[in-house]
Amino acid sequence: MKNLHMKQTRDNQDNIQQEKLENNIQKKLEAKGITLFIQFLKFGLVGISNTLVSGVIYFLMNELWFPGKWFAASLVSWGISVLNAYLWQNIFVFKEDETKKHRVWWQTLFKTYMSYAFTGLFLNNVLLWLWTDVIDIAQFCGSIIQFFANIHIGFLGNPETFSSNMGWFINMLISIPLNFIINKCWAYRQKEKKVE
């Protein structure tokens, strides 16, 4: 009887310890999730600044400095906006962890350009081709196009440009999270310090 009581007491203590451990793990996961969400929001704010920088540079080059040279304006504005992203992400989003190996700035910058080249220059254009020339989203959205035409929102109310404009929005839903993952896990990743 005494052994049974001791076993039940031990089992209860084990259960209490297990519950505490599970609660601690749950709290750590929740804290990590909140931290990741805040980091993603900061990434989004940097993305907004990139869009503004890119747009201003593109407009200035295409309209004022080199009129009609849209391809050059696009490349230069993209290059400057990625440099802007690198600077702000280094300071604001993916801060360097002092307990890990330091990042080499030029390698991180190169990886940042590579990740944005993949999503911004390659993937977005392939997806735009898919949305406009292969699927032609507009053919499935007649009532939506009519709605936007009725309220005089031309860029979504025009059947000829609806697929490419809507494709741009869809691409943002794909490329922003993908850029975040690539930058977090590759471009700004820090290796653990070697213990000697």
Side-chain angles (χ1 to χ4, degrees), residues 29-30 32-86 88-89 92-94 111-188:
L29 288 174
E30 287 172 4
K32 198 167 196 144
I34 290 169
T35 301
L36 188 64
F37 180 71
I38 290 170
Q39 193 177 40
F40 183 74
L41 288 178
K42 288 179 178 180
F43 184 82
L45 289 174
V46 170
I48 291 169
S49 78
N50 288 346
T51 302
L52 292 173
V53 166
S54 180
V56 167
I57 298 295
Y58 179 83
F59 173 78
L60 290 174
M61 287 197 66
N62 194 44
E63 294 294 324
L64 302 176
W65 296 330
F66 304 104
K69 306 288 187 212
W70 61 267
F71 186 72
S74 178
L75 284 178
V76 170
S77 67
W78 174 81
I80 292 172
S81 72
V82 173
L83 180 61
N84 177 67
Y86 164 77
W88 282 109
Q89 287 174 174
F92 186 59
V93 181
F94 303 115
K111 289 178 181 179
T112 302
Y113 271 102
M114 293 301 294
S115 65
Y116 281 96
F118 171 70
T119 57
L121 297 178
F122 174 72
L123 184 63
N124 279 340
N125 287 314
V126 168
L127 289 175
L128 273 176
W129 169 75
L130 177 71
W131 307 137
T132 58
D133 294 343
V134 176
I135 297 174
D136 186 19
I137 298 170
Q139 70 177 328
F140 304 106
C141 302
S143 58
I144 295 171
I145 295 169
Q146 188 60 48
F147 169 78
F148 285 116
N150 290 340
I151 59 172
H152 305 291
I153 298 180
F155 73 98
L156 290 176
N158 181 347
E160 293 172 13
T161 60
F162 181 84
S163 291
S164 59
N165 290 331
M166 187 55 71
W168 183 86
F169 285 110
I170 295 169
N171 284 356
M172 292 300 107
L173 297 174
I174 296 168
S175 65
I176 291 171
L178 185 58
N179 263 329
F180 178 76
I181 292 167
I182 293 170
N183 278 284
K184 181 171 180 59
C185 298
W186 182 58
Y188 292 87

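Along the sequence shown, the residues carry numbers beginning at 1. Because the structure is predicted, anything quoted here is derived from the model rather than measured. For the numbers below, each heavy atom of this structure counts, side chains included, while hydrogens, waters and symmetry mates do not.
- Summarising the geometry of N50 relative to A85, their closest heavy-atom pair is ND2-CB, 3.1 Å, with the distance given to 0.1 Å.
- Annotation: side chain of F94 is in contact with side chain of Q39 (closest heavy-atom distance under 4.5 Å).
- Taking 4.5 Å as the limit, some side-chain heavy atom of F140 sits within range of a side-chain heavy atom of I135.
- Between Y86 and V82, the closest side-chain pair of non-hydrogen atoms is not below 4.5 Å.
- Nearest approach of S163 to D136, heavy atoms of both residues: OG-OD1, 2.7 Å.
- Within the 4.5 Å cutoff, the side chain of I170 has no heavy atoms near those of the L127 side chain.
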Go through the steps for F118 and L178 under the test side chain to side chain contact (heavy atoms under 4.5 Å, CB included), then give the verdict. CA-CA 10 Å; F118 171 70; L178 185 58; 4.1 Å; yes
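- Here the side chain of Y113 pairs a donor or acceptor atom with the backbone of G79 at under 3.5 angstrom.
- Y58 and S77 make their closest contact through N-CB, 3.6 Å (heavy atoms, listed as atom of the first residue, atom of the second, distance).
- The 12-atom threshold is exceeded at CD of Q139, counting heavy atoms of other residues, nucleotides or ligands nearer than 6.0 Å.
- The heavy-atom pair separating G120 from N125 by the smallest distance is O-ND2, 4.3 Å.
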Pair I145, F148 - check side chain to side chain contact (heavy atoms under 4.5 Å, CB included), show working. CA-CA 5 Å; I145 295 169; F148 285 116; over 6 Å; no
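- N84 is not listed as a side-chain neighbour of I80, based on a closest heavy-atom distance of 4.5 Å or more.
- To the nearest 0.5 Å, atoms CE (M114) and NZ (K111) are separated by 11.0 Å.
- Contact record, M61 with A73: CB-CB, 3.7 Å, taken as the closest heavy-atom pair.
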Take S81 and I57 through the side chain to side chain contact (heavy atoms under 4.5 Å, CB included) test and state the conclusion after the steps. CA-CA 9 Å; S81 72; I57 298 295; over 6 Å; no
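- Annotation: the span from T112 atom OG1 to Q89 atom CD amounts to 6.5 Å, rounded to 0.5 Å.
- Remark: W186 CH2 is packed, more than 12 non-hydrogen atoms of other residues, nucleotides or ligands lying under 6.0 Å away.
- By the 30° and 60° cut-offs, the orientation of the rings of F180 relative to F43 is perpendicular.
- The only member of T119, L130, V126, L128 that meets side chain to side chain contact (heavy atoms under 4.5 Å, CB included) when paired with N171 is L128.
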Side chain to side chain contact (heavy atoms under 4.5 Å, CB included) between I38 and I34, intermediate numbers included: CA-CA 6 Å; I38 290 170; I34 290 169; 3.9 Å; yes
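- Looking only at side-chain heavy atoms (C-beta outward), Y188 and V93 stay at 4.5 Å or farther from each other.
- Between S115 and I182, the shortest heavy-atom contact is CB-CG2, 3.2 Å.
- Within a 6.0 Å sphere centred on CH2 of W131, other residues, nucleotides and ligands contribute more than 12 heavy atoms.
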